[in-house]
Amino acid sequence: MYRVLITDPLSDLGIQKLLDAKDVEVIRKTDLTLEELLLEIESADALLVRSQTKVTAEVLEKARRLKVIGRAGVGVDNIDVATATKKGIIVVNAPDGNTISTAEHTFAMMIALARNIPQAYRSTIQGEWKRKEFVGIELKGKTLSIIGLGRIGSELAKRAKAFHMNVIAFDPYLSEDRAKKLGVQKADFKEAIMSGDFITVHTPLTKETRHLINREVFEWMKPGVRILNCARGGIIDEDALYEAIQSGKVAGAALDVFETEPPGHHPLFSLPQVIATPHLGASTIEAQENVAIDVSEEVLHILRNEPFKNAVNLPSIPAELQSKLQPYQSLAEKLGQFAAQIVPGALETITVTFAGEIAEWDIAPLTRMILKGALSCHLSDVNYVNAPHLAKQRGIQIIEQKSSKNYGFTQLIRVEITTDQEQKSVSGTLLNGLGPRITKINQYSIDISPEGHLLFIQHKDQPGTIGRVGTVLGNYGINIATMQVGRKEIGGQAIMLLHIDKGLTADILHTLKQLDGIDSVTEIVL
Ligand SMILES: NC(=O)c1ccc[n+]([C@@H]2O[C@H](COP(=O)([O-])OP(=O)(O)OC[C@H]3O[C@@H](n4cnc5c(N)ncnc54)[C@H](O)[C@@H]3O)[C@@H](O)[C@H]2O)c1
Ligand SMILES: O=C(O)[C@H](O)COP(=O)(O)O
């Protein structure tokens with residue numbers, strides 16, 4: 001039974017799949033203190049949050065079983081993704097479900113800002129009638145500068161175009177083609193800042209975007225500019241915004257998000273030009289249902305080891321590529337495991353070569369599987385998420401190469417491991433109807449399926465060796481299921497690879513090593 005802990009308010013309808021799942025126990029506890037969260041997280045297999053729960057390194061330290069953190073929304077800046085990755089915890093979000101709601105909220109804020117609606121409302125319900133004080137401006141003909149033209153920025157652009165605004169955008173990843181399709185003028189950062197009658201930010205909060213809008217940037221703006229932030233507190237320097245409003249440079253600001261949330265009695269709230277909402281961008285019935293459905297499904301997939309799509313700390317794999325790579329994943333992992341077990345010493349370099357038709361694809365996910373397989377022979381708690389991090393941490397060099405030669409197979413994966421003591425390679429392929437096969441160990445051709453208990457023996461090619469090995473195993477009651485031998489020349493070095501029905505004791509291994517003509521004996525478990 002998987003324990004799924006939900007610590008922020010999520011839509012009941014949205015999490016129905018989790019509630020219905022027979023293999024899931026849902027624990028819903030919102031507004032936890034840090035101490036309570038530290039306690040609850042210990043036994044959770046999955047954690048579901050919005051932006052309120054702070055999933056810090058301290059929290060993750062206590063998470064002994066956690067496999068996945070699901071963020072029912074977009075921004076993951078409340079989650080220590082780096083620590084989660086190190087611990088092999090997958091972080092998934094729901095990037096699409098709240099796009100429209102947030103774009104609409106931003107638009108609502110822009111109109112409210114243009115027409116002083118919150119200020120006029122407050123005054124009117126106090127019995128005042130100040131028609132002159134709340135004269136606004138039209139959106140038509142004004143320039144809206146969008147910083148970050150991703151999902152939300154793009155939806156906002158469409159709506160602004162419908163209101164006959166000029167839309168100009170800065171986004172380092174925006175192509176000319178996409179800008180053209182949206183009817184948006186692509187600009188550099190300074191140009192976008194200098195041109196806007198309204199400036200709105202829609203980037204994630206990162207090291208690069210923290211205080212992207214700072215004192216110097218406010219200097220470049222048109223006098224009377226209006227500023228919107230419905231993305232993340234911290235993208236705009238709040239002190240600099242305060243000064244820019246006081247100086248008259250900025251005519252108004254609409255804020256849905258704050259550097260510290262909740263912001264309490266923020267100095268900005270003393271300025272009548274500032275309107276605010278309590279992080280409501282995604283707070284619609286539709287968006288909350290969407291994100292909760294998306295994240296619940298992802299979490300279930302991950303817990304059940306099924307394919308998933310929106311991991312924040314894993315490269316995203318297009319569905320078409322995923323289905324092509326899937327049959328190779330097990331082969332890749334087994335080759336990594338096999339290679340790591342036949343080479344003694346500390347891992348230094350892992351060179352992976354992809355040959356044949358497979359070499360035409362993006363094979364990075366398979367390299368990860370190889371790495372996972374190889375490292376799991378030496379380290380505990382290795383998984384697909386943390387394998388590259390663990391390799392880097394240990395100074396293991398990963399070399400990934402592709403070859404146009406097919407080596408006699410339609411596709412081939414070769415894993416070469418170099419340790420501080422020696423170097424060995426293992427190649428494998430997928431055979432129709434037979435599944436993964438190991439086809440070569442170093443220079444020796446063989447054909448064996450990489451599974452179960454294997455015995456790898458290096459020996460001299462001389463009469464009687466195979467018989468002696470068989471006799472020892474027989475004497476100890478070890479059944480041989482299959483056996484493959486390989487040699488380059490008569491009387492030279494040779495290898496034996498045996499499938500055995502159970503594991504060997506140290507005693508058996510020792511006896512085998514003492515046999516005449518035997519150079520090394522390694523038990524491999526796959
Ligand atoms: N207020 C809310 O309730 C609410 C709701 C949803 C999302 N958000 C916030 O909005 C952000 C954007 O969401 P989205 O779904 O549009 O994300 P997105 O990833 O689709 O778009 C972000 C865009 O920002 C661009 N970008 C990154 N760095 C940049 C930089 N330095 N300068 C300019 N552009 C840059 C990216 O290229 C991308 O196109 C989220 O990260 C989240 O923090 C807030
Ligand atoms: O990043 C997001 O998706 C939004 O900020 C929504 O946050 P919330 O789930 O806390 O409303």
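Both counts, for ligands and for their atoms, begin at 1 and track the order of listing.
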Residue that, paired with Asp256, satisfies side-chain hydrogen bond (donor to acceptor under 3.5 Å, both in side chains) out of Thr106, Thr102, Thr277: Thr277
Number the atoms of ligand 1 from 1 as they appear, then name those within less than 4.0 Å of a heavy atom of Asn98, with their elements. 6 (C)
Using a 4.0 Å cut-off to any heavy atom of Asp256, which atoms of ligand 1 qualify? 1 (N), 2 (C), 3 (O)
So, [X] and [Y], do they make that salt bridge, N to O below 4.0 Å?
{"X": "Lys309", "Y": "Asp294", "value": "no"}
{"X": "Glu36", "Y": "Lys29", "value": "no"}
{"X": "Lys67", "Y": "Asp45", "value": "yes"}

Which of parallel (below 30°), tilted (30 to 60°) and perpendicular (above 60°) describes Phe189 and Trp220? perpendicular
Is the backbone N or O of Arg232 less than 3.5 Å from a side-chain atom of Asn229, with the two atoms forming a donor-acceptor pair by type? yes
Tell me if a side-chain donor or acceptor on Gln119 pairs with a main-chain N or O of Pro272 at a distance below 3.5 Å. yes
Do Asn78 and Ser51 pass the side chain to side chain donor-acceptor pair (under 3.5 Å) test, and can you show the C-alpha distance, the side-chain angles, and the key distance before you say yes or no? CA-CA 6 Å; Asn78 54 319; Ser51 60; 5.8 Å; no
Who are the ring-ring contact (aromatic ring centres under 6.0 Å, His included) partners of Tyr2, not counting sequence neighbours? none
Starting from atom 12 (C) of ligand 1, locate the nearest protein heavy atom and write down its residue, its atom name and how far away it is, to 0.1 Å. His202 O, 3.4 Å
Should the proximity of [X] to ligand 1, defined as any heavy atom under 4.0 Å, be assigned to the side chain, the backbone, both, or neither?
{"X": "Leu149", "result": "backbone"}
{"X": "Phe189", "result": "neither"}
{"X": "Thr203", "result": "both"}

Counting heavy atoms only, which of [options] is nearest [atom]?
{"atom": "atom 28 (N) of ligand 1", "options": "Val201, Thr209, Asn78, Ile146", "answer": "Thr209"}
{"atom": "atom 7 (C) of ligand 1", "options": "Leu174, Ile152, Asp96", "answer": "Ile152"}
{"atom": "atom 10 (O) of ligand 1", "options": "Ala103, Pro278, Ser283, Ala231", "answer": "Ala231"}

Any pair counted as salt bridge (Lys or Arg N to Asp or Glu O under 4.0 Å), so long as it reaches residues 88-113, sequence neighbours left out: none
Over 12 non-hydrogen atoms of neighbours within 6.0 angstrom of CD1 in Ile285: no
Are any of the heavy atoms in Leu205 under 4.0 Å away from ligand 1? no
So is Glu208 touching ligand 1 or not, going by heavy atoms under 4.0 Å? no
Could you tell me whether [X] and ligand 1 have an N or O pair separated by under 3.5 Å?
{"X": "Gly75", "value": "no"}
{"X": "Cys230", "value": "yes"}
{"X": "Thr99", "value": "no"}
{"X": "Asp77", "value": "no"}

Applying a heavy-atom distance cut-off of 4.0 Å, which protein residues contact ligand 2? Arg50, Ser51, Arg71, Ala72, Gly73, Val74, Gly75, Asn98, Arg232, His279, Ala282
After noting the C-alpha distance and the side-chain angles of Glu138 and Lys140, does the key distance pass the salt bridge (charged side-chain N to carboxylate O under 4.0 Å, His left out) rule? CA-CA 5 Å; Glu138 283 186 354; Lys140 182 176 174 232; 5.7 Å; no
Taking only residues at least two apart or on different chains, which pairs with a member in residues 86-136 satisfy ring pair (Phe, Tyr, Trp, His ring centres under 6.0 Å)? Phe107-Phe163
